[in-house]
Amino acid sequence: MCGIVGVVSEKTPVAGIILECLRRLEYRGYDSVGVATLNGEILVLRKGAGKIEAVNARLNFKSMPGTAGIGHTRWATHGPPTDDNAHPHTDCTGRVAVVHNGIIENYAEIKRELVSRGHVFRSDTDTEVIAHLIEEELKGCSEAFEAFKAAVKRLKGSYALAALVSSTPGRIYFARRLSPLLVGLGDGVNFVASDLPAILEYTRKVIILVDGEVGYVTPSSIVLEREGRAVDPTSRISVVDWKPEQARKGGFPHYMIKEIHEQPRAIAETLSGFGEDYLRGARELASSDVIFVAAAGTSFHASLYFALLLTKLAGVRVIPLISSEYEVYANAARPGDTFLAVSQSGETIDTLSALRAFRSRGCRIVSLTNVVGSVIARESDVAIYTKAGPEIGVAATKTFTVQLTALTWIAYLVAAERGEILESEKAEVLERLRRLPDLADSVLAEFSGWAKKLSRDIAQKQSAYYLGRGLALPIALEGALKLKEIAYVHAEGYPAGESKHGPIALVEKDFPVFFVSVERKLERKLAGNIEEMKARGAFTVGILPKDSELSETLNVAATLPTNDELLVPVLGVIPLQLVAYYAAVERGLDPDKPRNLAKTVTVE
């Protein structure tokens, strides 16, 4: 995920400091790096694709002159990782430089407008429009801050911004909406950063900016505004006492729990990225005779959910398959079929092998990955991207919920393309999906303590079952996988109706059985399965929609803040992730490094 650093000093050249700060952001993952400084009113820019040390060896960032500067590590979203797409981005005149985290949703519209006015763009990024917008606003403003604010007002989406304007060499401008940004306060030097670890070696006095704030720092002052009114920053100064390792994890003890808590933002970023690639992918899928959807591990559970949803929604023939089993299914593929590959890394070798086998049978290829320019994306006819950012914990958490969100939207796009739903229904679906970030936030707030308490019992068990019906089954499977891989408690996900055909033989007093419910019409049957387990002494746990009648029949239940069947699957997996995490911690395990597992599996 991208990282931002800005440093402005009274006398000291800042390029070396920026370089050190950027090195402390490497843990976030990135594919290009760049620095811009102001030497008097002369803007100096160096940037390139690759890791910091390699790019620095070519460009020698440290030698850049100037007492104000901004730096960036970029994780590609709009456009592949190239020298031109690396940040900072500049305007036509070379007087403005900008670094940006987040997604500018209306960048295409702004870019068309600016191109019509003669602006020349050099990159594929959404960020570059900001530099040109500031340039345009400077034509009508005598004050650079006013021009910066006017440009920010035009932006829709998520952003953390830092900018230099050559006419004001002692300032770094900043703005924040949804993406994190903070100001660091030093002695004769001030900072802007997306992450505390970047500046922790230089200052522990910080102001955490809130959404909608805009301003600038000089070496000795801060100017801050929100909704057009000046804000006194002095009351917001806090002194942090974090060790660097804690800071890299945002104060969380493990990356896994940090990434669980990042899900509202990851979902919001993915929602903001719903664009032309999704539509082109859906058109490919909608025109297919048969859709084969393949994935491995957690991504398979997201794929299974997609297959069930699309079949139910539009009666489309969708065959979900585990990637490593592709050889059996490939023989059934024909020209006119489409293969949908789902992989968070875009490098999963089983899925890549399946993709190539299905292509050789004449199938068109669509892929959904979290990494721009990954192998699977490059070998696809249409590549679609989620925007979870890098996931460091081995256990997939935020990449699963963004896959569910993306695949839900793709399923409805396919249904619309096939005339199964109206355009008005499609728009309503998108509005419902946009509720997910706030609802995910409330689920995290409400059920973290619940999961922690429950996990103390679960951590003592040898086995557990996770049962669901219909659209709930993939969520049950994912809950079982999380407990198994992180806490080393044997756990099986099963269709609830199948549980009496074998699994129930193991159930005895206090055997934990999780029930996941999504579709209210299936709850009567699920209630029967609950009673079967309770009759044998099972300890029953429910993940339920709001107002579910099952809540009173279970020993323990997490009742979600909505009963919208479109949203419950994404929200329902969050308490299960938390239970697995806290059970692992309770057992004294490291959730970030489960034994025998790797983040990206590149061997068959």
Pairing residues for Tyr159 by the ring pair (Phe, Tyr, Trp, His ring centres under 6.0 Å) criterion, not counting sequence neighbours:
none
Have Asn85 and Thr82 got a donor and an acceptor in their side chains that come within less than 3.5 Å?
yes
For Glu327, check salt bridge (Lys or Arg N to Asp or Glu O under 4.0 Å) against everything at least two apart and list the hits.
none
Got a donor-acceptor contact below 3.5 angstrom from the Glu128 side chain to the Thr125 backbone?
no
Listing request: all side-chain hydrogen bond (donor to acceptor under 3.5 Å, both in side chains) pairs with a residue in residues 278-293, at least two apart in sequence or in separate chains.
Glu284-Arg364, Ser288-Thr338
Without hydrogens or angle criteria, can the side chains of Gln403 and Thr386 be said to hold a donor-acceptor pair below 3.5 Å?
no
First locate atom CD1 of Ile17, then atom CD of Glu201, and finally report the distance between them rounded to the nearest 0.5 Å.
12.5 Å
Any chance the rings of Phe148 and Tyr173 have centres within less than 6.0 Å?
yes
Strictly by modelled atom types, are Glu113 and His119 linked by a side-chain donor-acceptor pair under 3.5 Å?
no
Between CZ on residue Arg23 and CD1 on residue Ile18, distance to nearest 0.5 Å
12.5 Å
Ring centre gap for Phe174 and Tyr216 strictly below 6.0 Å:
no
Enclosure of Ile42 CD1 (heavy-atom neighbours >12, cutoff 6.0 Å)
no
Which residues satisfy the salt bridge (Lys or Arg N to Asp or Glu O under 4.0 Å) test with Arg434, sequence neighbours excluded?
Glu431
Sequence-distant partners of His301, ring pair (Phe, Tyr, Trp, His ring centres under 6.0 Å), two or more places apart:
none
Give every residue pair that meets the salt bridge (charged side-chain N to carboxylate O under 4.0 Å, His left out) criterion with at least one member in residues 81-109, sequence neighbours excluded.
none
Mind listing the closest non-hydrogen atom pair of Leu433 and Leu271 along with its distance?
O-CD1, 3.4 Å
I'd like to know if Lys398 and Glu262 make a salt bridge, using a cut-off of under 4.0 Å between side-chain N and carboxylate O.
yes
Show your reasoning for whether side chain to side chain donor-acceptor pair (under 3.5 Å) applies to Glu269 and Ser158.
CA-CA 7 Å; Glu269 297 271 343; Ser158 59; 3.1 Å; yes
Have Gln344 and Thr369 got a donor and an acceptor in their side chains that come within less than 3.5 Å?
no
NZ/Lys593: more than 12 non-hydrogen atoms of other groups inside 6.0 Å
no
Got a second to check how far Ile4's CD1 is from Ser194's OG, nearest 0.5 Å?
5.5 Å
Where the side chain of Asn370 meets the backbone of Ser345, is there a donor-acceptor pair that is under 3.5 Å apart?
no
Who pairs with Lys482 by salt bridge (Lys or Arg N to Asp or Glu O under 4.0 Å), at least two apart in sequence or on another chain?
Glu478, Glu485
My understanding is that only residues two or more places apart in sequence, or in another chain, count here; which of them pass salt bridge (Lys or Arg N to Asp or Glu O under 4.0 Å) with Arg356?
Glu379
If the condition is ring pair (Phe, Tyr, Trp, His ring centres under 6.0 Å), which residues does His72 pass it with, not counting sequence neighbours?
His87
Ring pair (Phe, Tyr, Trp, His ring centres under 6.0 Å) with Tyr329: which residues, sequence neighbours excluded?
none
Is there any side-chain hydrogen bond (donor to acceptor under 3.5 Å, both in side chains) pair reaching into residues 407-416, and which pairs are they, with sequence neighbours excluded?
none
Taken to the nearest 0.5 Å, the spacing of Tyr385 OH from Phe274 CZ works out to 16.0 Å
Can you tell me how far apart CZ (Arg176) and CD1 (Ile208) are? Round to the nearest 0.5 Å.
8.5 Å
Side chain to side chain contact (heavy atoms under 4.5 Å, CB included) against Ala147, all qualifying residues, sequence neighbours excluded:
Glu137, Leu138, Cys141
Distance check, rounded to the nearest 0.5 Å: Ile110 atom CD1 versus His132 atom NE2?
12.0 Å
Taking atom types as modelled and ignoring hydrogens, do the side chains of Ser380 and Arg359 form a donor-acceptor contact shorter than 3.5 angstrom?
no
